[in-house]
Structures are given as C-alpha cells and as structure tokens.
Amino acid sequence: MSKKPYYITTPIYYPSAKLHIGHAYCTVATDVLARYKRLQGYEVMFLTGTDEHGQKIEKKAQEAGMTPQEFVDSIVEAPGGVKDLWKLMNISNTRFIRTTDDYHVKSIQKIFRKMYDNGDIYKGAYKGKYCTDCEAFWTETQLKDGKCPDCGREVHDAEEEAYFFRLSKYADRIRELLTTTDFLEPKSRVNEMVKNFIDPGLEDLCVSRTSFTWGVPVDFDPKHVTYVWLDALFNYVTALGYQNDKYDDFDAFWPGVNIVGKEIVRFHSIIWPAFCMSVGIPIPQKVFGHGWLLLDGGKMSKSKGNVVDPYLLSEKFGVDALRFFLLRSFPFGSDGNFSNELLIQTINVDLANDLGNLVSRTTAMAEKYFGAALPAGCGPTAEEKEFSRLTAEKPDCDVGFSVRGDAGDPRVDAARCDMELVSMAANLRKKYETDMEHFAPHKALEEVFAVIQRANKYIDENAPWTLAKDMDANGPRLAHVLYNLLEATRICGVLLTPFMPETMEKLFAQIGAGAELQIWEAAGHWGALPETVAVHRGDALFPRVDADAAIAELEEAAKAAKAGSGPVVETEPQAEESVDFDTFCKSDFRAVKVLSCERVKKSEKLLKFTLDDGTGTPRQILSGIAKWYAPEDLAGKTLVAIVNLPPRKMMGQESQGMLISAVHTVDGEEMLNLLMVDDKIPAGAKLC
Ligand code: ME8
C-alpha cells in the first residue's frame with residue numbers, strides 16, 4: 001500500500017428496531033471524518049455494521065413471530081433497512097459487518113478459547129442482578145435506586161454457571177491508560193470513567209450465558225453463548241481479518257479510531273482495551289465518545305412519542321442538507337437539542353442564504369459582465385502571490401500580511417479589502433485541519449462559514465454592479481473581485497466536500513473548477529484557479545425552505561407515524577443523565593408575572609409571553625403550549641422560568657428563556673400544565 005492507512009469505525013448498532021436520527025448522527029460524523037482523511041490522501045478503511053446477537057433481539061424476534069435471523073435480516077437487509085439508510089445518506093463505508101456473519105462467529109469462538117487458554121477466562125457461578133435490555137449484569141452497589149444504572153429499567157436476580165473474564169487484573173493498566181494518555185476523548189469523559197468505574201474497583205466480568213441461545217456458542221462448552229459485548233467489541237478487528245482468513249488487513253489497519261456514543265464509552269474505554277491486552281493486540285488508537293441528540297431537552301424516546309426519522313428528513317430536505325445540519329449545529333463531544341425549526345433555520349441561513357447566494361451571485365455576475373469566462377490578468381496580484389507563497393511555506397501557522405500605503409488611496413484600500421478575504425481563505429485549510437484532527441467538525445465548519453460570510457460581505461463592499469457601470473475604467477478591478485470570489489468559494493468547496501459530497505460536485509461544476517482543483521493540496525493554494533475560468537450558472541444549490549409549510553408537514557408525518565401508518569422510529573429509554581450539584585445551581589429559576597400573552601402568527605404551537613422578571617426590562621419567552629392554553633387565560637399569572645439559557649430564535653422571534661411546566665399522560669394523551677405559583681411571590685424572586 002503506497003498511501004498511509006487510516007481506520008475508523010462507528011459502533012455496530014442493534015437491529016432491534018429501525019435506526020433513528022441519533023444513529024445517523026454518529027454514522028454521518030464518522031463518514032465525514034473518513035472522507036476528510038481520504039481527501040488528505042490516506043487509504044481509509046471505514047467500518048460500520050450491526051450487533052445482532054443477544055437476548056433482546058431474541059425477544060423482539062419472538063414478539064414479531066420470526067426466527068432471530070429472519071428478524072435481523074428484515075431490519076438490516078430489507079428495503080428501507082440499515083444498509084439502505086446508509087446508502088441513502090451517502091455513507092462511504094468500506095465494510096459492513098454483521099455479527100451473525102459466519103467468519104465473525106468463528107473468529108469469536110477462537111478468541112474466547114484463546115482467552116480461556118491464557119487463563120483470563122475462567123468458569124464460575126454468577127449471582128447478581130441482570131438487565132435484559134442492556135444485556136448487563138450489575139452488582140448491588142452498581143444499581144441506581146435498585147434499577148439498571150445505564151437504562152433505568154428493572155433488573156432481576158440471576159444465578160447461573162458462567163465464564164468470567166479477569167477484568168480486575170487489568171485495572172491498573174486501564175487506569176494508567178485513561179489518566180496518562182489521550183486514548184479517550186473528549187477529556188471530560190475520563191474523569192467519569194475513573195470515578196465511577198475504576199475507583200470503586202473493577203470486578204471480573206461475566207462473559208457467557210446459558211439462559212438463552214441466540215449468540216455465539218462457546219465451542220468447547222456449547223450450552224454457553226458468548227456475552228454479547230465480547231462478541232460485539234471484537235468486530236472492530238475480526239472485520240480486518242483477525243482470527244480469520246476472510247480478510248488480510250489487520251496488520252495494515254489496526255489500531256484504529258473507535259467513534260461511539262457517550263453511553264457506551266465504559267465498554268469501549270475499560271472493557272475493550274482490557275480484551276485487547278488479554279489477546280495481545282494493540283489497544284485502539286483512540287476512543288471518541290460523542291454526545292447525544294436530545295429532543296425537547298431529553299433523550300429521544302418511544303415513551304415520549306417523539307419521532308425523528310432520517311429517511312423522512314433526507315427525502316424532504318436533501319441528504320447533504322441533513323448531513324450538514326447534524327455536524328454544523330451540535331458540538332460533536334456534547335449533547336445538543338434537535339428540532340425541526342433549527343434544521344430549517346440552518347438550511348435557510350447557512351446553505352440557502354450564505355453559501356447558495358455566494359455561488360449564485362458570483363456566477364451570475366461573471367456571466368452578466370464577462371459572458372461567463374473571466375479575462376486574462378484578473379488573477380492574484382504580485383502581493384497576493386507573495387502572500388500565497390508564504391502561506392504555502394508555513395503550512396502550520398496563520399500567516400499575516402499587510403498592504404503598504406495610505407488609507408484613502410483607492411488602490412491601497414482595494415488591496416487591503418482583497419487581502420482580508422485572501423488571507424482568511426488562504427489560511428483556512430490549516431485551521432480546518434486542526435479542528436478536524438481534534439474531532440471538532442463543528443469548529444471546522446465554523447471556520448469555513450466565516451470565510452463564506454466574509455466573501456458575501458466582500459461583494460457588498462465592492463459593489464460589482466456599480467463597478468460594471470464603467471467597464472472601461474473598472475473592468476480589470478471587477479474581474480479581480482470576481483476571481484477572488486470564485487477562488488474563495490473553491491477553497492471552501494473543497495473543505496466542504498466531506499460534509500456535502502454531492503452538492504460540492506455541483507458547486508465545482510458551476511464555478512468551473514476541475515478535478516485537479518478539488519484536491520487537498522489545492523485547498524491550501526490560493527491562486528490555483530486559472531484566470532480565464534469559465535463559470536456555468538446552474539440551479540440554486542439549496543432552495544429556501546418554507547418553514548411554516550415544512551413544519552406543518554413534518555408534524556403531520558409525525559402524527560401519522562404515531563398512529564402506526566408511517567415510519568416509526570424508536571429509541572431506547574435511557575437513564576436520565578445526572579448533573580452535579582454545582583451545575584444544577586447554575587440554573588437560574590425565577591418567578592415571572594405574565595404581562596401579556598398572544599399567539600405567534602402562523603404557528604399552531606407557539607405562544608409569545610411578555611413577562612415581568614423583576615429586572616424592570618420585560619422578558620420575551622416563546623413556549624410551545626398553545627395546544628393547552630388560551631393566551632387570554634394566562635395574563636397576570638405568576639409562573640416559573642429558567643432565565644439564563646442562551647436566547648433562541650423560534651419562528652423568527654427571540655425567546656429569552658423557558659417556562660417550566662409539568663408534562664404527563666392521561667389515557668395516552670400528552671397533557672401539560674404550566675407551573676403556577678402563589679401570586680404573592682414577587683416577580684424576579686429566585687427559586688432555589
Ligand atoms: O449500543 N444521539 O447499539 P445501539 C446521538 N450495539 N447518538 C445516538 C443516539 C442519540 N440520541 N442514539 C443512538 C449499541 N446513538 C451497541 C454498540 S459497539 C461494539 C456495540 C448512536 O443501537 C450512538 O453512537 O444502541 C450510540 O453509541 C449508538 O448509536 C448506540 O447504538
């Protein structure tokens with residue numbers, strides 16, 4: 001292999017129900033990282049797949065009246081299944097592993113035996129608490145209020161003959177790994193692992209079951225099936241050919257990068273490296289635990305009836321718009337609130353307005369003023385060429401450059417204005433690279449959009465339509481302005497390719513940038529675009545979305561799905577995340593009095609409140625409670641609001657906080673009551 005190898009994986013998902021937007025989030029993010037590495041010139045192996053064994057799947061299949069194999073096939077392979085979803089979303093995985101694949105099953109049997117032979121797996125008796133949904137045994141001390149600490153469900157007593165893995169033996173090495181290296185990121189997750197799992201003492205792990213059969217049988221003791229997490233974690237290496245002859249890529253590609261959601265960081269940062277140590281293979285290069293997508297502040301869940309279907313959103317808004325939204329809106333290592341409003345706003349502001357307009361304005365002007373092809377001589381000036389050479393020479397730092405001359409001299413002013421755009425675009429690739437290397441695709445996008453916004457401002461500053469009034473005098477200046485715009489757009493286009501591969505092809509066709517201008521090296525080279533480039537005006541890259549109509553349609557689809565006539569997407573109820581006391585204390589709850597309340601035009605859900613919060617300046621909060629309250633019933637009431645949330649735009653209006661309500665269900669119908677407190681409490685009183 002002449003290229004450098006790079007290996008990256010997603011978790012392998014449970015095919016227990018259709019996948020939802022949270023799974024799509026992780027897979028798209030991993031795809032973006034894989035495409036970025038390919039753009040840089042790496043030979044990338046990108047693995048995803050499905051985790052198909054275990055009691056949960058066995059139970060689901062029974063409920064569906066199918067064999068487990070038929071059941072998982074129906075979710076993974078059938079039209080509209082997992083493989084179809086990744087095809088639709090333009091996921092560029094090199095391999096797809098199913099843990100029911102024959103080669104994987106045989107490898108797991110060999111691995112289990114190897115660990116038994118080296119003394120790390122031994123036979124014992126298991127007495128403990130078992131959570132069927134998480135396939136996890138827990139000790140009394142690990143339970144949270146007597147329930148599963150991971151998902152919050154009931155656990156039951158279980159006692160059976162079982163094989164155990166000597167996890168305790170690896171405790172010191174794992175502690176060292178977590179505390180002295182960058183193995184696990186973001187760093188914030190390290191403390192949690194050490195405090196919650198290593199400090200209390202690592203106990204040996206039960207790695208076989210006898211109470212059900214849907215799993216990989218232990219070949220030397222076939223009444224046991226292998227614990228599903230042992231079966232699942234080794235997928236990252238069996239898919240490369242570890243302990244099998246199906247592939248021969250282990251030496252070239254392992255160790256790789258495992259991208260996982262935060263709730264399975266424990267399995268990946270404690271148990272997985274210990275397994276690797278036991279069989280004598282290198283531990284992963286990195287485990288990155290990304291955050292959750294939340295809905296209305298909580299983890300998506302079937303019980304709340306929230307439906308977020310990546311199929312529906314891809315079809316409605318386009319795959320690239322959805323891919324972009326997922327990475328632009330949510331910092332990768334933290335949780336983020338999903339909403340249809342935010343999705344539409346991101347498409348309209350970033351894609352239709354900023355990027356789409358930049359391309360359509362620039363190509364339209366090149367066509368109108370120069371008949372599509374710019375004239376020779378419009379490319380970089382001597383100063384800009386010099387700057388570009390300096391940037392190329394110092395690939396690791398932001399190169400500054402100043403234009404000499406007096407302000408007020410139109411040529412100097414123009415050169416300074418050009419240099420602002422040129423220097424931002426020429427330095428963009430290194431900033432982007434630093435962010436991507438730190439698993440911060442959201443920051444990389446921020447940098448790219450800063451350049452796009454600068455370019456739009458550059459159009460307004462240079463007013464090409466005014467220059468065009470006197471082509472004899474201003475033609476060369478106008479051509480240079482358009483060249484700079486096309487060149488800035490091209491560089492942004494290359495760096496946006498991993499995020500929106502299909503649309504960037506269209507963008508390159510419109511600005512006339514051929515394949516040699518779309519590569520990584522060319523993204524670091526200002527001035528690579530030929531001067532006489534010919535543009536081809538095309539359709540808008542991202543049509544504006546009519547927010548109200550789209551939201552109404554999505555709500556309709558959600559209702560249909562709830563009623564069972566559409567695509568229902570379920571997510572597992574998860575344990576609520578705990579907050580420490582200090583974090584809780586940062587929340588500023590205040591008593592607020594309703595000065596006025598009205599419906600928000602064109603919205604079925606929103607009420608707009610003007611509130612007295614005791615500061616003397618009225619506070620505006622929008623709340624999606626129109627279904628439960630008539631605005632006229634609320635004037636004068638004393639409510640509770642959290643007032644230190646960042647302001648949020650809803651239907652174009654700013655909401656400065658959130659009103660607190662109680663949400664519950666009556667006969668399957670969701671009910672909501674605003675929290676109303678004694679009117680004697682003055683506005684602004686702090687609740688603590
Ligand atoms: O845990 N927000 O599979 P799984 C963001 N089979 N990401 C989410 C999400 C959300 N709301 N919901 C799910 C398993 N995910 C095991 C993994 S790996 C050896 C075995 C993503 O189907 C996130 O990446 O429950 C999470 O870790 C993964 O889906 C869990 O998928």
Side-chain angles (χ1 to χ4, degrees), residues 8-31 33 47-57 60 72 75-76 81-82 85-86 91 97-100 104 108 131 133-136 150-151 189 215 226-239 256-273 275-276 284 287-302 304 306-310 326-327 329-339 439 569-577:
I8 191 162
T9 65
T10 70
I12 49 172
Y13 305 112
Y14 290 127
S16 51
K18 269 184 93 171
L19 300 191
H20 58 77
I21 196 79
H23 301 109
Y25 174 57
C26 177
T27 307
V28 168
T30 311
D31 184 58
L33 294 166
L47 175 73
T48 187
T50 39
D51 182 2
E52 305 191 350
H53 289 125
Q55 199 170 12
K56 181 159 64 177
I57 302 275
K60 286 265 179 186
V72 291
I75 295 199
V76 179
V82 177
L85 176 62
W86 298 152
I91 302 302
I97 188 171
R98 300 182 59 185
T99 53
T100 51
H104 173 79
I108 293 300
C131 171
D133 283 276
C134 297
E135 316 266 6
D150 265 3
C151 74
R189 310 231 181 271
T226 307
Y227 174 48
V228 70
W229 273 100
L230 190 151
D231 171 6
L233 287 164
F234 275 103
N235 91 88
Y236 301 127
V237 288
T238 62
V257 173
N258 297 140
I259 305 288
V260 301
K262 66 177 188 181
E263 81 291 0
I264 55 173
V265 160
R266 177 174 78 94
F267 291 98
H268 283 81
S269 66
I270 295 177
I271 297 172
W272 176 220
F275 281 168
C276 290
V287 168
F288 188 91
H290 68 78
W292 283 344
L293 293 194
L294 309 172
L295 253 180
D296 302 325
K299 182 111 201 272
M300 298 177 194
S301 93
K302 182 191 171 198
K304 287 186 196 152
N306 43 20
V307 175
V308 181
D309 180 358
L326 289 172
L327 294 173
S329 312
F330 310 111
F332 193 43
S334 328
D335 292 350
N337 258 314
F338 176 93
S339 76
F439 300 90
V569 178
E570 299 178 359
T571 59
E572 305 302 324
Q574 300 282 335
E576 295 300 332
E577 212 186 348

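As the structure lists them, so they are numbered: ligands from 1, and atoms in each ligand from 1. When a residue number appears, it is its place in the shown sequence, counting from 1.
Contact atoms of ligand 1 toward Pro11: 18 (S), 24 (O) (distance under 4.0 Å to a heavy atom of the residue). Applying the 4.0 Å criterion to heavy atoms of Gly22 picks out, from ligand 1, the atoms 2 (N), 5 (C), 7 (N), 8 (C), 9 (C), 10 (C), 15 (N), 21 (C). Close contacts between ligand 1 and Cys26 involve ligand atoms 24 (O) [criterion: under 4.0 Å to a heavy atom]. Residue Asp51 has at least one heavy-atom neighbour below 4.0 Å for each of these atoms of ligand 1: 6 (N), 16 (C), 20 (C). Those atoms of ligand 1 with a heavy atom of Glu263 less than 4.0 angstrom away are 26 (C), 27 (O), 28 (C), 30 (C). Remark: ligand 1 atoms within the under-4.0 Å shell around heavy atoms of Gly261 are 23 (C), 24 (O), 26 (C), 27 (O). Of all the atoms in ligand 1, the ones that sit under 4.0 Å from a non-hydrogen atom of His20 are 9 (C), 12 (N), 13 (C). Near Ala232, with a cut-off below 4.0 Å to any heavy atom, the atoms of ligand 1 are 19 (C).
Heavy-atom distances between Trp229 and ligand 1 reach below 4.0 Å in at least one pair. For the pair Gly291 and ligand 1, a heavy-atom separation below 4.0 Å is found. By the 4.0 Å heavy-atom criterion, Trp272 is excluded from the residues contacting ligand 1. Ligand 1 lies out of reach of Lys262, whose nearest heavy atom is not under 4.0 Å from it.
Salt bridge present: Lys262 and Asp335 bring a charged side-chain N and a carboxylate O closer than 4.0 Å.
Ligand 1 has no nitrogen or oxygen under 3.5 angstrom from a nitrogen or oxygen of Asn235.
Here the rule is ring-ring contact (aromatic ring centres under 6.0 Å, His included) with Trp272, and of Phe267, Phe234, Trp229 only Phe234 fits it.
Here Leu293 has heavy atoms under 4.0 Å from ligand 1 in both its backbone and its side chain.
Between Tyr14 and Leu19, the shortest heavy-atom contact is O-CD2, 4.2 Å.
Between Phe332 and Phe288, the distance from one ring center to the other falls under 6.0 angstrom.
Nearest-residue assignment for atom 19 (C) of ligand 1 (options Tyr13, Phe330, Tyr236, Phe267; heavy-atom criterion): Tyr236.
No donor-acceptor contact under 3.5 angstrom links the side chains of Thr48 and Tyr13, judged on distance only. Using a 3.5 Å distance cut-off with no hydrogens or angles, the side chains of His268 and Tyr236 do pair a donor with an acceptor. Judged purely by distance below 3.5 Å, without hydrogens or angles, the side chains of His104 and Thr238 pair a donor atom with an acceptor atom. Side-chain contact of Thr9 with Asn258: a donor-acceptor pair under 3.5 Å is present, judged by distance alone.
The main-chain N or O of Gly333 is found under 3.5 Å from a side-chain atom of Arg189 such that the two form a donor-acceptor pair.
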Legend entry - Test side chain to side chain donor-acceptor pair (under 3.5 Å) applied to Glu52 and Thr100, step by step: CA-CA 6 Å; Glu52 305 191 350; Thr100 51; 2.6 Å; yes
